[in-house]
Amino acid sequence: MPGKKKEKKEKKKKAQEGEELQEGKKKGKKKLLLIPLALILIAAIGAAAVLFVLPRFGINLLGGAEPGPGEEEPPKNLETFIAGEPIEKEDGEEVQDATISLDTILEEGEGTLIAVRKPDKNSKSEGASSSSSAVEPEVEQYTYIYDVTSPATVVNRYLDAVLGGEEGFVFVDETYLHLEERPELSDTLGALTIARSSVQEGHVFQIVVGWSEASTLTFRVSAPEGAIHEPPPPEDQFGLGSQVVETASLEEQLDKIKGLSPAQLGLEGESMEEYEILPVEGFVTVDGLPCRRFNVYTRHTSSQGAYRNIKSIIMLSTDQQHVYYMDPTSSAVTELR
């Protein structure tokens, strides 16, 4: 009898072990199934990022997408900036608003044309049909976008190539007023407009240039209606009675200051060539006389680069007869004898 009881206990124990083994296998299958499901979920999330998230940032990893309205593949070596379509003159000759592009003055490694946007004819016509006749037509704009390493250097070289001379551009403001003085450019931020007469009568051929640390260098080229005009002569050009007070040009006044000795201006050194003299736009009145203001700097270099240190503020009357010194700290003005 004792032997039979022992045998029954062993059979019961084996049966229990068999059930536990089967249960373990089932649980193992469930665990194995969870791993593929997790991988599928991760892959689905990644696909959603490619399809929906990245395109919002201008990134398309799938390829095959068409350019946006007006966009086209940028050429390797763009030779000209254009605005508008060619116009046929009475003698049959075709003319067009065009000038040299930035590519023509870029040196190797300085920058690359990354996008060209031309006017979208379709969207313009649709907008015109749905708009009121009182709304002015939109000016066609051609946009050229560059990725450059040093915007100020590149833009200055481009300006050297197109200002005056054969290209004939000048600085203008938003009303197309001719600005005489050239702005000082920096890599941090910049915006300027140059223009010349258009081949279309009653229009100007203008280029608006802009850049910042957070954006690329952009040239917006168009030919809106308008005309470049000169500033009116300053009222102060006339003295008492009929005596005319001559107004010296900016170049003449710069030569005047450079011809003085540093000692005459309360500065150190042997020559004004040791200093950097920069004009400030506009005129100020001192003792009833119109004067141009000039900031006088010394240049220094350090491990972090070059920088300026203002040493003096000079105001020179437009008749070249009076020189004033302004203290940079107190703003007190004194005439230098």
Side-chain angles (χ1 to χ4, degrees), residues 55 57-89 93-124 139-172 182-183 185-200 203-224:
F57 293 89
I59 301 171
N60 183 5
L61 300 182
L62 299 181
E66 294 295 329
E71 287 194 14
E72 63 177 34
E73 194 70 23
K76 294 294 183 183
N77 294 295
L78 181 69
E79 294 185 357
T80 56
F81 288 155
I82 63 169
E85 300 296 330
I87 297 174
E88 185 173 344
K89 298 171 67 176
E93 180 188 3
E94 281 194 347
V95 293
Q96 184 179 25
D97 284 319
T99 187
I100 60 174
S101 74
L102 186 68
D103 297 60
T104 60
I105 61 96
L106 280 177
E107 297 178 359
E108 187 176 356
E110 277 190 323
T112 307
L113 177 63
I114 59 175
V116 175
R117 295 173 185 165
K118 294 186 177 181
D120 183 12
K121 306 291 185 181
N122 295 328
S123 64
K124 182 178 177 182
V139 176
E140 290 187 350
Q141 184 170 267
Y142 296 71
T143 304
Y144 305 89
I145 303 173
Y146 290 81
D147 181 17
V148 298
T149 56
S150 180
T153 300
V154 168
V155 173
N156 266 320
R157 196 181 320 125
Y158 183 75
L159 293 175
D160 290 339
V162 299
L163 290 176
E166 293 183 359
E167 297 300 323
F169 282 91
V170 296
F171 288 107
V172 297
R182 179 168 176 164
L185 308 183
S186 70
D187 289 333
T188 306
L189 181 69
L192 57 90
T193 303
I194 57 176
R196 73 184 186 200
S197 296
S198 169
V199 297
Q200 304 178 61
H203 290 248
V204 295
F205 179 30
Q206 74 166 6
I207 303 176
V208 180
V209 188
W211 70 93
S212 73
E213 287 181 326
S215 67
T216 49
L217 175 59
T218 302
F219 289 74
R220 293 184 174 89
V221 185
S222 60

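The shown structure was predicted, so the numbers you read here are calculated from the model rather than taken from an experiment. The figures that follow rest on heavy atoms only: side chains count, while hydrogens, waters and symmetry mates do not. Residue numbers run from 1 in the order of the sequence given.
Listed by chain and residue number, V170, Y176, T193, A195, I228 satisfy the side chain to side chain contact (heavy atoms under 4.5 Å, CB included) test with V172 (two or more places apart in sequence, or in another chain). The ring pair (Phe, Tyr, Trp, His ring centres under 6.0 Å) check on F171 picks up nothing, with sequence neighbours excluded. In this view, Y158 and F219 satisfy the ring pair (Phe, Tyr, Trp, His ring centres under 6.0 Å) rule, not counting sequence neighbours. Residues passing the side chain to side chain contact (heavy atoms under 4.5 Å, CB included) test with D160, sequence neighbours excluded: R182. Every side chain to side chain contact (heavy atoms under 4.5 Å, CB included) that D147 has, sequence neighbours left out, goes to I114.
Residues F81 and Y142 keep their aromatic ring centres 6.0 Å or farther apart.
The minimum heavy-atom distance between A152 and S186, with the atom names listed, is CB-C, 3.7 Å. Of all the heavy atoms in A161 and I105, the pair that sits closest is CB-CG2, 4.3 Å. Residues L189 and S212 share a closest heavy-atom pair of CD1-CB, 3.6 Å. Residues V221 and I82 share a closest heavy-atom pair of CG1-O, 3.5 Å. Considering every non-hydrogen atom in both S222 and V139, the closest pair reads CB-CG1, 3.8 Å. The shortest non-hydrogen separation linking H203 to A223 is ND1-O, 2.8 Å.
Under the 4.5 Å side-chain criterion, counting only non-hydrogen atoms from C-beta, R157 is in contact with E110. With contacts defined as side-chain heavy-atom distances shorter than 4.5 Å, the pair V154/L106 qualifies. Here the side chains of T112 and Y146 are not in contact, with every heavy-atom distance at 4.5 Å or above. In this structure, F169 and F205 have side chains that are in contact, with non-hydrogen atoms separated by less than 4.5 Å. Side-chain contact between Q206 and V208 is present, with heavy atoms from C-beta onward closer than 4.5 Å. The side-chain heavy atoms of I194 and L159, taken from C-beta on, include a pair separated by under 4.5 Å.
Panel note: side chain R196, backbone V204; no donor-acceptor pair is recorded below 3.5 Å.
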Would you give me the side-chain donor-acceptor pairs under 3.5 Å for residues 94-101, sequence neighbours excluded?
{"from": "Q96", "atom 1": "NE2", "to": "G84", "atom 2": "O", "distance (Å)": "2.7"}
{"from": "D97", "atom 1": "OD1", "to": "S198", "atom 2": "OG", "distance (Å)": "3.3"}
{"from": "D97", "atom 1": "OD1", "to": "V199", "atom 2": "N", "distance (Å)": "2.9"}
{"from": "D97", "atom 1": "OD2", "to": "S198", "atom 2": "OG", "distance (Å)": "2.6"}
{"from": "T99", "atom 1": "OG1", "to": "E167", "atom 2": "OE1", "distance (Å)": "2.5"}
{"from": "S101", "atom 1": "OG", "to": "L78", "atom 2": "O", "distance (Å)": "2.4"}
{"from": "S101", "atom 1": "OG", "to": "D103", "atom 2": "N", "distance (Å)": "3.2"}

side-chain contact (heavy atoms from CB on, under 4.5 Å) between R117 and I145, intermediate numbers included: CA-CA 8 Å; R117 295 173 185 165; I145 303 173; 3.8 Å; yes

Going through the checks in order, is the side-chain contact (heavy atoms from CB on, under 4.5 Å) test met by L185 and W211? CA-CA 11 Å; L185 308 183; W211 70 93; 4.0 Å; yes

Let's go through T143 and T218 carefully: what are the C-alpha distance in whole Å and the side-chain angles of both, what is the deciding distance for side-chain contact (heavy atoms from CB on, under 4.5 Å) to 0.1 Å, and is it a yes or a no? CA-CA 7 Å; T143 304; T218 302; 3.6 Å; yes

